[in-house]
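One-based numbering along the sequence shown.
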Amino acid sequence: MVCELWGKLQLPVKHRKTFMKNSGFFTLFLVLIFFCSPGFASSEWAGMNSAQFLKISIGARQAAMGEAFSAVADDISSMYWNPAGLVQIQEKEIVFSHAFWLGYTSYDFLAYSRNLKGPGVFGAGISSLFYGNLAGMDDSGNSIPDFSAYDILGILSYARNLSKSTSFGLNLKLIQQVIEKEGAGSWAVDAGLLFKSNTFKNLTLACVFQNIGPGLKIINECRPLPYSTRFAASCKFFNDCLTIAADADIPSSQDASIHIGVEYWQEDVIAFRIGYKTSTFQDLGFLSCFSIGMGYRQVFGTRRNRSTLNIDYAFVPCGDLIGAHRISFLLKF
């Protein structure tokens, strides 16, 4: 049975030749990203940023691909990864994503987007991180009543094509953090570019600037937001069945990191994904760098009135903390 499954996953000879023909340039681009990224030294802002939940990635598909999605950006989750990618949406989309996070925390994301053709693509979403009930303790270590804490993010997105090969996108973010009775709010913007190469077919490049805005003040302490810059590339092979993507993430709150992801669609119904990232290696160990996942696609209706449902799952190891499970539901209609 294993041999039979492996045989089905084997790529045709002509596809293998296409892969070898294009993979050289893609590999060269990855090397350039790695050596040209200036953030591989420790950040001076490490551990000093507020609103750390803004760094939690969105989507099971994207998590399974090692968070290498800024240059793929082909669904509504692009409003987090690269708002410029929203121009690739041809219809209306709704997504709900849930992460069974560490401990009793959970992270949810709900969004809607629509392509209005001429004016561009608009989207709106909300994400929330709930920490559950936290044990209260005063400065002397004595128990006090439990309290709750949560973070909420609202996103308004807009994207449009600048040319046949280049698109541009913007996010406006409204941020709210609450700890017991104390709360604080702030705002930020994201800006992204997506470029589809005319010279190298199926190659896409991206640049994204995230969380540009004032700091967030809780009680009497104000700290900057976790600003980040991403350079990314992705390439599709074999009639878009195989996608290889890479992101170089240069954040203000920690060392820069490399993210690499692979996605393969079998018969355009089942997807297999694997990813690798360096951002968690130092804190959580080698295994935490890897991620895996699967996806399932179901088409409903007729050609004129067709809807597509995607169900995606990802497992991300977290060292001794076992790991986090994610699931997403994406509806195109």
Side-chain angles (χ1 to χ4, degrees), residues 23 25-49 51-73 77-78 80-82 85 99 101-102 107 190 192 203-211 225-235 242-264 272-293 312 314-326:
S23 60
F25 178 83
F26 186 75
T27 302
L28 175 61
F29 189 82
L30 295 183
V31 173
L32 290 176
I33 287 179
F34 186 85
F35 286 105
C36 293
S37 297
F40 281 86
S42 296
S43 170
E44 60 178 313
W45 294 103
M48 298 180 61
N49 294 102
Q52 292 290 325
F53 79 103
L54 294 177
K55 298 177 355 184
I56 301 176
S57 63
I58 285 175
R61 176 189 178 197
Q62 296 76 7
M65 293 178 66
E67 301 177 5
F69 200 75
S70 300
V72 180
S77 298
S78 301
Y80 172 86
W81 298 97
N82 183 359
W101 210 241
L102 307 179
Y107 189 63
D190 299 340
L203 174 68
T204 304
L205 306 179
C207 180
V208 188
F209 304 94
Q210 295 179 312
N211 304 320
L225 298 176
Y227 171 79
S228 176
T229 303
R230 279 182 175 250
F231 299 99
S234 70
C235 198
L242 176 67
T243 300
I244 302 177
D247 283 29
D249 184 19
I250 309 172
S252 62
S253 57
Q254 63 188 70
D255 295 349
S257 59
I258 291 294
H259 303 252
I260 299 173
V262 178
E263 177 183 66
Y264 177 73
F272 301 91
R273 305 181 181 108
I274 187 170
Y276 175 82
K277 60 182 180 181
T278 63
S279 57
T280 58
F281 175 78
Q282 185 174 359
D283 296 329
L284 299 177
F286 179 70
L287 288 180
S288 69
C289 298
F290 293 91
S291 55
I292 58 173
D312 300 305
F315 175 73
V316 183
C318 298
D320 295 336
L321 300 176
I322 303 179
H325 301 270
R326 296 186 177 217

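Listed here is the closest heavy atom pair of Ile274 and Ile292: CG1-CG2, 4.2 Å. Residue Pro251 comes nearest to Ala256 through the heavy atom pair CD-CA, 3.7 Å, listed as atom of the first residue, atom of the second, then distance. Counting all heavy atoms, side chain and backbone alike, Met65 lies closest to Val262 at CG-O, 4.2 Å. Pairing each heavy atom of Ser291 with each of Gly66, the nearest pair is OG-N, 3.4 Å. Here the closest heavy-atom approach between residue Ser70 and residue Val208 is recorded as CB-CG2, 4.1 Å. Closest heavy-atom contact between Asp247 and Arg230: OD2-NH1, 2.7 Å.
Under the side-chain hydrogen bond (donor to acceptor under 3.5 Å, both in side chains) criterion, Asp312 pairs with Arg273, not counting sequence neighbours. Residues passing the side chain to side chain contact (heavy atoms under 4.5 Å, CB included) test with Thr243 are Val72, Lys236, Glu263, sequence neighbours excluded. With sequence neighbours left out, Ser78 forms a side-chain hydrogen bond (donor to acceptor under 3.5 Å, both in side chains) with no residue at all. Remark: Tyr107 pairs with no residue by the ring pair (Phe, Tyr, Trp, His ring centres under 6.0 Å) rule, at least two apart or across chains. Not counting sequence neighbours, Gln210 has no partner by the side-chain hydrogen bond (donor to acceptor under 3.5 Å, both in side chains) test. Residues passing the side chain to side chain contact (heavy atoms under 4.5 Å, CB included) test with Ala314 are Ala60, Ala63, Ala64, Arg326, sequence neighbours excluded.
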Hey, mind stepping through Tyr276 and Thr278 against side-chain hydrogen bond (donor to acceptor under 3.5 Å, both in side chains) and telling me if it holds?
CA-CA 7 Å; Tyr276 175 82; Thr278 63; over 6 Å; no
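The CD1 atom of Ile258 lies 13.0 Å from the CD atom of Glu67; values are rounded to the nearest 0.5 Å. Taking CG of Leu54 as the reference point, atom CG of Asn211 lies at 4.5 Å (rounded to 0.5 Å).
Side-chain contact check for Arg61 versus Ser77: every heavy-atom pair is 4.5 Å or farther apart. Contact of the Ser57 side chain with the Trp81 side chain is registered, since non-hydrogen atoms from C-beta on lie closer than 4.5 Å. Val316 places a side-chain heavy atom less than 4.5 Å from the side chain of Lys277. A 4.5 Å side-chain heavy-atom check between His259 and Asp249 finds at least one atom pair inside the cut-off. Within the 4.5 Å cutoff, the side chain of Phe231 has heavy atoms near those of the Ile250 side chain.
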